[in-house]
There are 2 protein chains.
Amino acid sequence: MAALPEAKSPPAAAPKGRGRRDTRASGDDRERAILETAERLLEERPLAEISVDDLAKGAGISRPTFYFYFPSKDAVVLTIIDRLVADAAEGREEILTALAESGPRAGLRASLENLYAAFRSRPGVVRAGSDLRPTNGEARDLWSAVMEGWVADVTAVIEFERSRGAAPPGPPAREMAISLVQMNERAQYATLLGEEPSLDRDRVLDVLIEIWLRAIYGEVVSD
Amino acid sequence: MAALPEAKSPPAAAPKGRGRRDTRASGDDRERAILETAERLLEERPLAEISVDDLAKGAGISRPTFYFYFPSKDAVVLTIIDRLVADAAEGREEILTALAESGPRAGLRASLENLYAAFRSRPGVVRAGSDLRPTNGEARDLWSAVMEGWVADVTAVIEFERSRGAAPPGPPAREMAISLVQMNERAQYATLLGEEPSLDRDRVLDVLIEIWLRAIYGEVVSD
DNA sequence: GGACTGTATCAACACTGTGTCGAGAAGTTC
DNA sequence: GAACTTCTCGACACAGTGTTGATACAGTCC
């Protein structure tokens, strides 16, 4: 939970044109205030019902001043999502390692449990990211990259298990991986937001894991 | 494919306040023109980039006149989606019957192939529906109902296969069904819109079906 | 043929929200 | 204390939504 001083990261290095217009002086507080306001409001109501004015007011500044710190509402949300994604990646368990150490079921559970922990704590942000994807190319690209990372991991797992004879042949590993990762994305999202129909919070992982195991190993995996 | 005179359906019965403000005279053409314009534009660009004015102009009327026919842009899209969903449901194969007649793999394939045919022909409309869900409760409810229908079908299949000993026990059938249906929704959507990563159009069903079979039957189903 | 009624149409308006411009205040540096 | 950079906001221009009120244009009905 505590921040690990892991990799290169000068307090905040906005990738592109996001965040502030460069500089690095005092108004850091304002920038933080905007981000905090956004996070708070997003847990209250959907992105579409939050205006730039709300963010500005919440941060104690005027609307034009908001634009000094961020080029748009989307940019604020993207910054938040960047961080959430980084959080999720941070404590990441090597899935292959976990499998080897604890066996398929427990290993998978550990990896996924860990992965979704970050998202579970900020449903509003997750929803905002999802809401953004249709209209915002940058959001789409970011999520694509995240998915691609997971797919690559899972592909490796499937190929490894097949190569050592633990899993039977079948459709190309990458294709299976894509489908399974997509299932997880959709199911977790539905559960997180309480869609109807969706699985209960404490059941999702059990069910998803059971499907993964059967899909990957081609049999009912006992314990 | 051809329209079956199946259930109760007076030409078009707008459920709630959607569509025209009642009446049933001539301006039917205008209403149709609006719907056609919307369908056309949706295949060109996303919903967010289509204004009420675009729809009005496309139908050869002024913006205020548009509001005589529909209460909002969303209402137009919802009407279109209603019809698409009805189309998809129309030629619907009884999945249980298909399984019994052609066996698990071929039966599943026939059912799903048939189900997704309608969607595949109008990706723009599908995307619009998806874009609408975050902001529009009615769209959410409509899609919930559709999903619920599929889940119920699949639950019945799984329970039947278990009861006759063809499928092993496992997580509650409904929970499996929800996850599998969610996987299909997500995967088909990603493929339809060419997301990255996603499966190729001609591979998606093969892979999904393989996962379904392994998940339901707990083994690699031969043929 | 004139009064009555419901359908259909649109110019003009009121409103909400976005993003920009330009004039300055406030702080730092030499 | 002049010059520079950072920061702030009132006032504007714009795009889009949804509403109002006047008006035309049928058809009846008597």
Side-chain angles (χ1 to χ4, degrees), chain A residues 11-12 14 16-35 37-38 41-42 45-79 128 131-132 134-139, chain B residues 14 16-35 37-38 41-42 45-79 128 131-132 134-139:
Chain A
K16 277 186 183 165
R18 225 137 75 216
R20 195 122 49 96
R21 295 181 188 154
D22 114 300
T23 165
R24 191 56 41 187
S26 90
D28 257 353
D29 318 350
R30 297 296 163 81
E31 188 170 333
R32 207 171 324 119
I34 292 171
L35 290 168
T37 304
L41 293 184
L42 280 176
R45 52 181 197 267
L47 180 59
E49 286 165 32
I50 298 172
S51 70
V52 170
D53 209 46
D54 294 333
L55 297 181
K57 286 238 173 63
I61 56 178
S62 72
R63 209 164 53 79
T65 299
F66 166 93
Y67 286 103
F68 179 80
Y69 292 99
F70 291 94
S72 69
K73 190 173 70 175
D74 285 10
V76 176
V77 177
L78 280 168
T79 302
D131 290 358
L132 218 50
T135 49
N136 185 299
E138 213 173 333
Chain B
K16 278 185 180 168
R18 222 135 77 216
R20 195 122 50 96
R21 298 183 188 155
D22 112 302
T23 167
R24 191 59 39 188
S26 91
D28 258 352
D29 319 351
R30 296 296 162 81
E31 189 170 331
R32 207 171 324 119
I34 292 172
L35 290 168
T37 303
L41 293 183
L42 280 176
R45 52 182 196 268
L47 180 59
E49 286 164 32
I50 298 172
S51 69
V52 169
D53 210 46
D54 294 333
L55 297 182
K57 286 239 173 60
I61 55 179
S62 72
R63 210 163 53 77
T65 300
F66 167 93
Y67 287 104
F68 180 80
Y69 293 98
F70 291 94
S72 69
K73 190 173 71 175
D74 285 11
V76 176
V77 177
L78 280 167
T79 301
D131 290 357
L132 218 50
T135 49
N136 186 300
E138 213 173 333

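In what follows, chains carry the letters A, B, and so on, assigned in the order in which the sequence lines appear, proteins first and then strands, with residues in each chain numbered from 1.
- Candidate nucleotides D:dT6, C:dT9, D:dT19 were compared by shortest atom distance to the side chain of B:Pro64, and D:dT19 ranks first.
- The phosphate of C:dC10 has OP1 or OP2 within less than 4.0 Å of a side-chain N or O from B:Ser62.
- Here the C1' atom of nucleotide D:dC7 and the CZ atom of A:Phe70 are 15 Å apart, to the nearest Å.
- Atom CG in B:Asp74 sits roughly 10 Å away from atom P in D:dT17 (whole-Å rounding).
- Here C:dG19 is the nucleotide among C:dG19, D:dG18, C:dA12 with the atom lying nearest to any side-chain atom of A:Tyr67.
- Legend: residues meeting side chain to side chain contact (heavy atoms under 4.5 Å, CB included) with A:Ala56, ordered by chain and number and at least two apart, are A:Ile61, A:Phe66.
- The interatomic distance linking A:Phe68 (CZ) with C:dG22 (P) rounds to 17 Å, in whole Å.
- In the interface, the side chain of A:Arg63 is not paired with the base of C:dG17 through any donor and acceptor atom under 3.5 Å apart.
- Checked against salt bridge (charged side-chain N to carboxylate O under 4.0 Å, His left out), B:Asp54 has the following partners two or more places apart in sequence or in another chain: B:Arg45.
- Within residues 48-61 of chain B, the residues that place at least one heavy atom under 4.0 Å from DNA chain D are, in residue-number order, B:Ser51, B:Val52.
- Between A:Asp28 and A:Arg32 there is no salt bridge, since none of the side-chain N atoms of the basic residue sits less than 4.0 Å from a carboxylate O of the acidic one.
- Checked against side chain to side chain contact (heavy atoms under 4.5 Å, CB included), B:Asn136 has the following partners two or more places apart in sequence or in another chain: B:Asp74, B:Leu78, B:Leu132, B:Glu138, B:Ala139.
- Counting to the nearest Å, the P atom of D:dT8 and the CD atom of A:Glu31 are 12 Å from each other.
- To the nearest angstrom, P of D:dT6 lies 20 Å from CZ of A:Phe66.
- B:Arg63 is linked by a side-chain hydrogen bond (donor to acceptor under 3.5 Å, both in side chains) to nothing, counting only residues two or more places apart in sequence or in another chain.
- Among residues two or more places apart in sequence or in another chain, the side-chain hydrogen bond (donor to acceptor under 3.5 Å, both in side chains) test is passed with B:Ser62 by B:Thr65.
- Counting to the nearest Å, the C1' atom of D:dT8 and the CD1 atom of A:Ile34 are 12 Å from each other.
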